Protein chains: 2
Amino acid sequence: MAMPGGDLRLAQDRFVAAWGQMGTAWGISRTMAEVHALLYITGEALCTDDIMARLEISRGNASMSLRALLDWGIVTRAHKRGDRKEYFLAEQDVWVMARAILRERLKREVEPLMAAMHETRDMTRASQGRRKDYDDHHERLDELLGLFEVMEVLVQRFVGPAGEGLQAAATLLKPDEP
Amino acid sequence: MAMPGGDLRLAQDRFVAAWGQMGTAWGISRTMAEVHALLYITGEALCTDDIMARLEISRGNASMSLRALLDWGIVTRAHKRGDRKEYFLAEQDVWVMARAILRERLKREVEPLMAAMHETRDMTRASQGRRKDYDDHHERLDELLGLFEVMEVLVQRFVGPAGEGLQAAATLLKPDEP
DNA sequence: GGAAAGTTTCAATACCTTCTGAAACATCGT
DNA sequence: ACGATGTTTCAGAAGGTATTGAAACTTTCC
């Protein structure tokens, strides 16, 4: 019975805000998350000016965020016939989206950490097997490296190239619950 | 060949720095991550002053970070006989640690988001089935909610109360590779 | 009970990331 | 080739979170 029309926009705004919030909590700039949220929830191809207007952000900010989203592979360029303006479209398959995000974060943040841990371990290799404190140190590093390796395999397996794995695994897991 | 003794400390510092860096990238304060890293990698029970000295941070900061780590359940209090000072010890089982971290973040960041998405969907329920744009909007929200639900189940299943699931799953997955 | 040792809180400050706005740059149509 | 339209970059400003340092509070021991 409410007047229909404005509430869709309100709902979109709510979603954009929530998604933006989540972004900040996970180390993604709020605007970047909001731009993505807007493109996803509208499902439309929007141009930079549309985004600027809707989110009330500057051109520079919009441009930077769009570039980053393109880098992440969760937004693609689109063109409208007879219009040389560039439009942007969010990946609509949430599984593809999740894959892209996980892959990117794994590459950017987890792999450097693992490399650092390996280097850290090498720093004290000379004293290995001669002193308990050094051995304990190595074991702790190895435990952590093991954890990350397993997680990496899991992620790559589920959201890697094949992709449908996650879905299958999830349904496979559910029946076990009472 | 290198003089042994100092290099363990250097290696620990390296690890602390790397872990701290990772923290910031995932929305955890650098200091909190560093305190945790220090406690984990030394494996020792350290008191606030030890941590302050080693990390060169203020008392207030150390206190806040320790409190947060206790809240997360990845650091516990420890007492030394004949010393009324409080010491802190990091959880040494990396699987327990991972479980605690995932559980906490799920609760703090994912669940509020899901709640917001449900609310968002309810905001436009009135127009459901009457206009295509509204229906598309609902479908997009449902897709995303579905993704999060599956991920939640996965995480809860693997790192939930039972705990050893992840390890098993990982070894189960590995053989598939060529 | 009171001094000493330990712990927590909080307003002020520092720091760092994000954002703006404008200028430089690129591309297209005529 | 030139003007018009669209895009990127960047130095400076804004904003927000993390950190400090000191004061308030708590506990323990004599």
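Values in this document were obtained by computation on a predicted structure and should not be read as measured data.
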Send over the distance from [X] [atom1] to [N] [atom2], rounded to a whole Å.
X	N	atom1	atom2	value
A/Phe88	D/dG6	CZ	P	13 Å
B/Ile57	D/dA18	CD1	P	14 Å
B/Leu46	C/dG6	CG	P	15 Å
A/Lys85	D/dA4	NZ	P	18 Å
B/Leu66	D/dT19	CG	C1'	15 Å
A/Met32	C/dT17	CE	P	16 Å
A/Asp83	C/dT27	CG	P	17 Å
A/Leu70	D/dT7	CG	P	12 Å

Out of [options], which nucleotide sits closest to the side chain of [X]?
X	options	result
B/Arg84	C/dA4, D/dT19, C/dC19	C/dA4
A/Ser58	D/dT20, C/dC19, C/dT8	C/dC19
B/Thr31	C/dT8, D/dA18, D/dT20	D/dA18
B/Met64	D/dT9, D/dG21, C/dT9	C/dT9

Quiz item: Taking the six-membered ring for Trp, are A/His36 and A/Trp19 parallel (under 30°), tilted (30 to 60°) or perpendicular (over 60°)?
Solution: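 A/His36 vs A/Trp19 ring planes: tilted.
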
Quiz item: Any donor and acceptor pair, going by atom type alone, linking the side chain of B/Arg30 with main-chain N or O of B/Gln21 inside 3.5 Å?
Solution: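 It does not hold such a pair.
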
Check whether any side-chain nitrogen or oxygen of [X] sits under 4.0 Å from OP1 or OP2 of [N], and answer yes or no.
X	N	result
B/Asn61	D/dA18	no
A/Ser29	C/dT17	no
A/Arg67	D/dT9	yes

Quiz prompt | Closest-nucleotide ordering on DNA chain D, the 5'-leading residue of A/Asp49 and B/Ile28 | solution =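 Its nucleotide being nearer the 5' end, the pick is A/Asp49.
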
Self-check item: Heavy-atom pair of closest approach, residues B/Met52 and B/Ala62
Solution: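 Nearest pair, atom of B/Met52 first, then B/Ala62: CG-CB, 3.9 Å.
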
Self-check item: Between B/Gln12 and B/Arg54, a side-chain donor and acceptor under 3.5 Å
Solution: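 Yes, B/Arg54 and B/Gln12 have a side-chain donor paired with an acceptor closer than 3.5 Å.
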
Quiz item: Is it true that the side chains of A/Asp7 and B/Tyr134 contain a donor and an acceptor less than 3.5 Å apart?
Solution: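 Their side chains do contain a donor-acceptor pair, which is all the 3.5 Å distance test asks for.
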
